[in-house]
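Starting from 1, each residue takes its place in the sequence as its number. Given the structure is predicted, the values throughout are model-derived calculations rather than measurements.
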Amino acid sequence: MPPGNAPRHPRLRHDQRILLMAFASALPGAMISLIFLWTGDYTPKVQWTLTVLIVTFCLGFAFALRERVVLPLQTLSNLLAALGEGDFSIRARGARGGDPLGEVMVEVNALVETLRHQRLDALEATTLLRKVMAEIDVAVFTFDEETALKFVNRAGARLLAQPSERLLGRRAAEISLDPYLAGDAPRVINTAFPGGVGRWEVRRSQFRQGGRPHELLVLSDLSRPLREEERQAFQRLIRVIGHELNNSLAPIKSIAGSLEMLLTRDPPPDDWRDDMQRGLGVIASRSESLSRFMSAYARLAKLPPPKLTHLDVGTFVDRVVTLEKAHQIRVMPGPPLMIQADGDQLEQLLINLIRNALDAVRETGGGVTVGWDRLPGSTASVELWVDDEGPGLSNTGNLFVPFFTTKPGGSGIGLVLSRQIAEAHSGSLLLANRDDRRGCRASLRMPLAVLAANSA
């Protein structure tokens, strides 16, 4: 065999090196002792006895040293092997401070305890995640880089009308989900699955598991919540319209019956003309009230989109307050601001808020304050508020219910229309009782996208 290809001799193991080093350390002393023993004037019996004793002690201490070194290393090896298998119940013995080897055992035991707690936390988190994924009413699928299905929750299996055991491992094309792994996301689609038909929101995201890329697909059924919202909206609408119609039609029917009986009397009473006029007047009044109600509903349902123009906040607030000059309204000027808004719609919103505040302070004789300022923590958002010193809000749950009103002759659409105007401008309208004193604060908040600082 050529010299370059000669096999390398295996290196000695760690325990063999320790044993050889123990022998080497004892060899000089043993050899000197044996030389003096065998060259001295000793009897053969003494010579052989001491020779056996010296050799025995050297071998015994050498092998004892080997065991003292090898046993802790074997213990650590077994402990690390158990950790690799996921067994965290084993602990190293002899863990104590002040001893280098004992401190190593202490650190290893601490590491085992930390890993045990981390594993318990991971198992608990995984269990919770699996329960949440199983209980949520959203179809969740995960695919690997080869579009093989790796996970499906209960809603996803129900959507595909197959048990999860038959779905796992199959390609997305085999279960007709490959179109949803491509295209824009999120998006809303109208489609039919084996387990459901309707509108679905498609969402996707990517993650890595085991170092390999995976894709998460989420399908949310929008039909049921939309149908539930529509059902509740229709119930509220029918309840309000039915109440208003009954309030108008019941007296009309009653008065019409009374007038019919009046006309059938022979001879008619002397004041039948007066009774007829009063009855017809009531019918006309209730018909006009019903007409106003339907006009208010049509106005609420047909709010046009805002025509955005540059509008100075201070100017349009002063203009609205001037319209209510018969009342004492205090204005707290804020910084000069320009917003992009529909002036007519925002003026109508502010008029509704001011009139509601004026109606509230009539009961207490308090005042009304209008002001505006930038929102705290933002340099490009504005808040316009109307404060009153009235009795405050007693029923906040029905503030924005269409046609709900506590004022005699009120239409019940002022706040609803105002909130629609605010939302059409990408803003929000909030009403809450004041914290500093008795009364209510109505605040209009305009978002960043529709606001710009006035350079004047």
Can you list the residues that meet the side chain to side chain donor-acceptor pair (under 3.5 Å) rule with [X], with sequence neighbours excluded?
| X | result |
| --- | --- |
| Arg119 | none |
| Asn153 | none |
| Arg208 | none |

Which of Leu160, Leu149, Val152, Leu167 passes side chain to side chain contact (heavy atoms under 4.5 Å, CB included) with Leu177? Answer is Leu160

Margin query: Centroid separation under 6.0 Å, is that true for the rings of Phe193 and Trp200?
Written below: yes

Taking atom [atom1] of [X] and atom [atom2] of [Y], what is their separation to the nearest 0.5 Å?
| X | Y | atom1 | atom2 | value |
| --- | --- | --- | --- | --- |
| Leu120 | Leu115 | CG | CG | 11.0 Å |
| Arg204 | Leu219 | CZ | CG | 10.5 Å |
| Leu50 | Phe36 | CG | CZ | 14.5 Å |
| Arg170 | Thr147 | CZ | OG1 | 12.0 Å |
| Gln420 | Leu349 | CD | CG | 11.0 Å |
| Asp388 | Arg441 | CG | CZ | 10.5 Å |

Taking [X] for the side chain and [Y] for the main chain, is one N or O donor matched with an acceptor at less than 3.5 Å?
| X | Y | result |
| --- | --- | --- |
| Ser443 | Leu429 | no |
| Asp373 | Gly334 | no |
| Glu215 | Phe143 | no |
| Ser418 | Leu353 | no |

If every non-hydrogen atom of [X] is compared with every non-hydrogen atom of [Y], which pair is closest and at what distance?
| X | Y | result |
| --- | --- | --- |
| Pro179 | Arg187 | O-NH2, 3.4 Å |
| Cys58 | Ala26 | SG-CB, 4.0 Å |
| Pro335 | Arg374 | CG-CG, 4.3 Å |
| Ala360 | Pro391 | O-CD, 3.3 Å |

Quick note, side-chain hydrogen bond (donor to acceptor under 3.5 Å, both in side chains) partners involving residues 20-33, not counting sequence neighbours, are none

Contacts satisfying side-chain hydrogen bond (donor to acceptor under 3.5 Å, both in side chains) that involve residues 37-59 (not counting sequence neighbours) are Trp38-Thr51

The ring-ring contact (aromatic ring centres under 6.0 Å, His included) partners of Trp372 (sequence neighbours excluded) come to none

Partners meeting salt bridge (Lys or Arg N to Asp or Glu O under 4.0 Å) with [X] (sequence neighbours left out):
| X | result |
| --- | --- |
| Asp435 | none |
| Arg203 | Glu201 |
| Arg434 | Asp436 |
| Glu423 | none |

* **Asn352 and Ile421, any side-chain heavy atoms less than 4.5 Å apart** => no

Check your understanding: Can you check whether Leu346 reaches Leu444 side chain to side chain, under 4.5 Å on heavy atoms?
Key -> yes

Residue pairs meeting salt bridge (Lys or Arg N to Asp or Glu O under 4.0 Å), one or both in residues 336-348, sequence neighbours left out, come to Arg319-Glu347

Contacts satisfying salt bridge (Lys or Arg N to Asp or Glu O under 4.0 Å) that involve residues 145-159 (not counting sequence neighbours) are Glu135-Arg154, Asp137-Arg158, Asp144-Lys150, Glu145-Arg212, Glu146-Arg171

Problem set entry | Residues, nucleotides or ligands: over 12 heavy atoms within 6.0 Å of Phe207 CZ | yes

